[in-house]
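This report concerns only the one structure given below.
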Amino acid sequence: QVQLVESGGGLVQPGGSLRLSCAASGFTADYYAIGWFHQAPGKEREAISCINSRDGMTFYTDSVKGRFTVSRDNAKNTVYLQMNSLKPEDTGLYYCAAREGGVCYARTAEYDYWGQGTQVTVSS
């Protein structure tokens, strides 16, 4: 059974850090591009970061560039999103998704498997 499970969310003060994990099971994650998506309250889900499978190239939306870092540990079949300098506008649900073919795309429709999401709340 193919499954993606996010973890690591929580409540953090502005300026703080969190590390999200996306653990894959039922398939080999290193053959898939893994994207991270953010859904703020009342807004649509949007891509914020992604890592290709073959070359490990990473992508970030402008709002998180320089603050977030995506990485993968193929031995653990896990992808991470290190989030630093968090802002209140980073609050929301964070999802990881896997795309067969290994190349990142920003559109949610391009992804084959999704996790259930993990909540991040940035507030003082």
Side-chain angles (χ1 to χ4, degrees):
Q1 181 181 358
V2 173
Q3 196 173 18
L4 292 171
V5 178
E6 302 97 335
S7 61
L11 174 64
V12 63
Q13 291 187 343
S17 297
L18 285 172
R19 189 178 79 156
L20 305 184
S21 298
C22 173
S25 60
F27 67 103
T28 304
D30 52 337
Y31 293 132
Y32 289 74
I34 303 295
W36 283 98
F37 295 77
H38 173 228
Q39 187 164 18
K43 295 189 177 181
E44 291 187 355
R45 196 175 303 184
E46 61 176 8
I48 57 170
S49 183
C50 188
I51 184 165
N52 281 348
S53 65
R54 296 182 185 88
D55 57 14
M57 189 173 293
T58 58
F59 302 89
Y60 303 94
T61 193
D62 286 345
S63 63
V64 306
K65 202 171 293 183
R67 299 189 298 125
F68 291 9
T69 302
V70 61
S71 62
R72 63 195 308 154
D73 185 335
N74 290 336
K76 295 183 178 179
N77 224 23
T78 299
V79 173
Y80 304 98
L81 184 68
Q82 178 68 43
M83 306 189 297
N84 298 329
S85 303
L86 282 162
K87 304 175 181 180
E89 51 264 44
D90 294 321
T91 293
L93 281 165
Y94 284 75
Y95 298 88
C96 66
R99 183 180 183 277
E100 192 172 3
V103 178
C104 289
Y105 279 80
R107 293 199 312 148
T108 57
E110 293 286 345
Y111 288 78
D112 302 290
Y113 307 112
W114 289 84
Q116 82 291 348
T118 186
Q119 176 69 38
V120 171
T121 303
V122 184
S123 175
S124 55

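Just so you know, these numbers use all the heavy atoms, side chains as well, and skip hydrogens, waters and symmetry mates. One-based numbering along the sequence shown.
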Taking C-beta and beyond as the side chain, do [X] and [Y] meet within less than 4.5 Å on heavy atoms?
X      : Y      : answer
Val103 : Arg54  : yes
Thr91  : Gln119 : yes
Glu46  : Thr61  : no
Tyr31  : Ser53  : no
Ser49  : Leu81  : yes
Val2   : Asp112 : no

Note to self: Walk me through whether Tyr80 and Thr69 qualify under side chain to side chain contact (heavy atoms under 4.5 Å, CB included).
What the structure shows: CA-CA 8 Å; Tyr80 304 98; Thr69 302; over 6 Å; no
Notebook entry, point to check: Where do Arg45 and Gln39 come nearest, in terms of heavy atoms and distance?
Noted result: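 Residues Arg45 and Gln39, closest heavy atoms: NE-OE1, 3.5 Å.
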Checklist line | Heavy-atom closest pair, residues Ser124 and Pro14 | finding: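 It is N-CD, 3.7 Å.
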Next item on the list: Hey, could you give me the CD1/SG distance between Ile34 and Cys104, rounded to the nearest 0.5 Å?
Entry: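 Those atoms lie 8.5 Å apart.
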Check: Could you give the distance from CG (Leu11) to CG (Leu18), rounded to the nearest 0.5 Å?
Finding: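 CG of Leu18 is found 9.0 Å from CG of Leu11.
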Check: Under the side chain to side chain contact (heavy atoms under 4.5 Å, CB included) criterion, do Tyr32 and Glu100 qualify, and how do the steps go?
Finding: CA-CA 5 Å; Tyr32 289 74; Glu100 192 172 3; 3.5 Å; yes
Would you say the side-chain atoms of [X] pair up with the backbone N or O of [Y], donor to acceptor, closer than 3.5 Å?
X      : Y      : value
Gln116 : Val5   : no
Thr58  : Val70  : no
Arg107 : Ala47  : no
Glu6   : Thr118 : no

Checklist line | Contacts of Gln82 that satisfy side-chain hydrogen bond (donor to acceptor under 3.5 Å, both in side chains) - sequence neighbours left out | finding: Asn84
Single-linkage hydrophobic cluster [X]~[Y], side-chain heavy atoms < 4.5 angstrom:
X     : Y      : value
Tyr60 : Trp36  : yes
Leu20 : Val79  : yes
Tyr94 : Tyr113 : yes
Tyr95 : Ile51  : no
Val64 : Met83  : yes

Next item on the list: Step by step, work out the side chain to side chain contact (heavy atoms under 4.5 Å, CB included) result for Trp114 and Thr108.
Entry: CA-CA 10 Å; Trp114 289 84; Thr108 57; 3.8 Å; yes
Check: According to the salt bridge (charged side-chain N to carboxylate O under 4.0 Å, His left out) rule, which pairs have a member within residues 55-74, sequence neighbours left out?
Finding: Asp62-Lys65, Arg67-Asp90
Next item on the list: Could I get the full list of ring pair (Phe, Tyr, Trp, His ring centres under 6.0 Å) partners for Tyr111, not counting sequence neighbours?
Entry: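 Per chain and number, Tyr111 pairs via ring pair (Phe, Tyr, Trp, His ring centres under 6.0 Å) with Phe37.
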